[in-house]
Number of protein chains: 2
Amino acid sequence: MIHLKAQQLLQTSIHHFAAHGYEGASLQEIATEVGIKKPSIYAHYKGKDDLFLQATTYALQEQKRRFATYFTSTRQQPLEQSLHGFFDWFISEQQDDILMRFILRAAYFPPEKLEQEMTDRFNPFFDSLHDLLTRLLRERDRTEKILYSTDYKSAALAYLTVAEGTLTELVYNGVDAFHARQQAVWPIVWRGMSKTI
Amino acid sequence: MIHLKAQQLLQTSIHHFAAHGYEGASLQEIATEVGIKKPSIYAHYKGKDDLFLQATTYALQEQKRRFATYFTSTRQQPLEQSLHGFFDWFISEQQDDILMRFILRAAYFPPEKLEQEMTDRFNPFFDSLHDLLTRLLRERDRTEKILYSTDYKSAALAYLTVAEGTLTELVYNGVDAFHARQQAVWPIVWRGMSKTI
DNA sequence: AATCACCTTCCTAACGGTCGTTAGGTAACA
DNA sequence: TGTTACCTAACGACCGTTAGGAAGGTGATT
């Protein structure tokens with residue numbers, strides 16, 4: 001079992017890295033929030049880099065897990081409802097936007113010296129989401145026969161792009177702006193993906 | 001006329017802020033690149049905050065100008081070509097991804113203490129893009145009569161969301177990943193926006 | 001059962017370094 | 001004469017990191 005303080009350090013540093021970025025986050029502040037002194041961090045992690053990398057690994061694994069959980073738990077629902085509901089579900093898990101914020105920030109603006117390590121973690125992460133969604137669309141379309149094209153991979157990528165765009169909006173501009181954008185985008189995207197009636 | 005070094009400082013700091021963020025950028029390095037000593041920056045700007053804010057103002061104004069220039073220069077083309085071609089045009093202006101990177105970074109992850117100032121600049125910026133695009137869609141649809149819905153505002157927002165998502169991909173993952181995403185997304189979005197044939 | 005070495009987890013103190021910023025001066029120019 | 005654009009020197013603050021040690025638990029040896 002992993003030590004309690006180590007776990008607290010991971011959680012707290014995710015908050016700080018999400019809020020201030022790698023360069024802006026302070027080990028001093030992280031330690032204080034956990035209730036230990038700054039040098040004690042080094043009993044659990046090799047240094048700031050190590051903390052950041054382990055936070056990244058944890059965050060990606062957690063996010064992937066939640067993603068998969070949602071889409072398997074909505075297996076019964078119609079495809080549109082499942083895809084559309086994902087956004088609402090995402091909002092309802094409040095803590096998520098911090099995890100998402102950390103992930104977005106680490107993905108788009110990693111510390112220069114850790115760029116390679118970030119890429120090595122993010123590419124498989126994104127690919128696995130893409131694969132999961134591609135399989136989902138294919139399986140569902142076999143019974144529902146509702147999608148316009150059988151290029152499920154492209155459809156999955158389109159969905160991910162839109163999801164990313166709107167969820168970024170959520171992280172940055174809050175729930176209201178997010179709803180506005182989602183209501184504008186989703187009907188268009190769904191109409192583009194599905195057979196018109 | 002604004003002083004030469006002041007202009008150089010603005011350009012160079014945009015590069016550095018884009019690459020390392022507000023906290024990660026160093027006045028030392030910026031000054032050296034421009035060819036002056038660090039304290040000489042204070043002859044032109046009040047400090048790091050001032051430099052960052054003026055860089056933001058400049059970047060947004062420049063980006064808005066380019067955006068407007070493109071869409072007025074493609075007035076003759078069919079709407080789809082104009083919308084679709086925007087992405088290719090964007091790539092062809094190589095220097096842009098630095099400006100775009102700076103803007104994305106400043107928008108999504110502003111330094112905490114300047115959050116309000118950033119919001120005050122970005123909201124009008126985004127609104128003006130949204131308005132410009134909404135008007136464009138409305139005007140074009142009057143002659144082409146090709147759009148599925150007359151809710152031009154929503155269509156414009158959908159387009160901006162997708163543009164943001166794919167251009168973010170360009171900034172982060174490079175041209176190839178961008179093309180892959182664009183080819184997946186655009187047919188779906190356009191099919192969703194336009195009258196099906 | 002008592003002792004021992006060992007490891008982990010925390011501490012205080014302090015390191016060298018960089019940060020943004022200010023003071024104060026010089027030289028050029030209006 | 002005053003202003004602008006630069007300089008050198010130096011400020012205090014904070015950065016991540018290391019050294020070295022105290023306290024406590026673990027597990028093997030006597």
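Worth saying up front: this structure is predicted, and the values here are computed from it rather than measured. Each chain gets a letter, A, B and so on, in the order its sequence line appears, and its residues count up from 1.
Contact of the B:S40 side chain with the B:K5 side chain is not registered, since no non-hydrogen atoms from C-beta on lie closer than 4.5 Å. Side-chain contact between A:Y70 and A:F90 is absent, with no heavy atoms from C-beta onward closer than 4.5 Å. Residues A:K195 and A:K145 have side chains in contact (heavy-atom distance under 4.5 Å, counting atoms from C-beta outward).
Rotation axes derived from the C1' atoms of the five outermost pairs at either end of the helix from C:dA1-D:dT30 to C:dA30-D:dT1 lie 10° apart, to the nearest 10°.
One interatomic measurement links the two molecules: CZ of B:F52 to C1' of C:dG20, which rounds to 16 Å at whole-angstrom precision. When the P atom of C:dG20 is taken as reference, atom CG of B:L27 falls 4 Å away, rounded to whole Å. The nearest whole Å value for the distance from the CD atom in A:E23 to the P atom in D:dG16 is 11 Å. Counting to the nearest Å, the P atom of C:dG20 and the NZ atom of B:K113 are 10 Å from each other. Rounding to whole angstrom units, CD1 of residue A:I30 and P of D:dC15 are separated by 10 Å. The distance between atom OH of B:Y45 and atom C1' of D:dC6, rounded to the nearest whole Å, is 16 Å. If you take CG of B:D50 and C1' of C:dT22, they are 16 Å apart, rounded to a whole angstrom. The separation between B:I41 atom CD1 and C:dA23 atom P is 17 Å, rounded to whole Å.
For A:T166 and A:R181, the side-chain atoms include no donor-acceptor pair closer than 3.5 Å. Defined by atom type and a distance below 3.5 Å, a donor-acceptor pair is missing between the side-chain atoms of B:E23 and A:Y22. Using modelled atom types, one finds no donor on one side chain facing an acceptor on the other under 3.5 Å when comparing B:E33 with B:H15.
Among the heavy atoms of the strands lying under 4.0 Å from B:A25 are primed sugar atoms or P, OP1, OP2 only; no base atom is included.
Less than 6.0 angstrom separates the ring centroid of B:F86 from the ring centroid of B:F67. Centroid-to-centroid, the aromatic rings of B:H84 and B:W190 stay 6.0 Å apart or farther. Here the two rings, on A:F122 and A:F126, have centers that are 6.0 Å apart or farther.
Rounding to the nearest 0.5 Å places OG1 of A:T69 at 7.0 Å from CH2 of A:W89.
A salt bridge is defined here as a Lys NZ or Arg NE, NH1 or NH2 lying under 4.0 Å from an Asp or Glu carboxylate O, and A:E62 with A:R65 meets this definition.
Map A:K46 and A:Q28 each onto its nearest nucleotide of DNA chain D; the residue landing nearer the 5' end is A:Q28.
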Could you list, one pair per line, each protein nitrogen or oxygen that sits under 3.5 Å from a nitrogen or oxygen of nucleotides 26-30 of chain C, together with the distance?
none

Just the table, please: protein N/O against nucleotides 6-13 of chain C N/O, every pair under 3.5 Å.
| residue | atom | partner | partner atom | Å |
| --- | --- | --- | --- | --- |
| C:dC10 | OP2 | A:H44 | NE2 | 2.4 |
| C:dC11 | OP2 | A:K37 | N | 2.6 |
| C:dC11 | OP2 | A:S40 | OG | 2.4 |

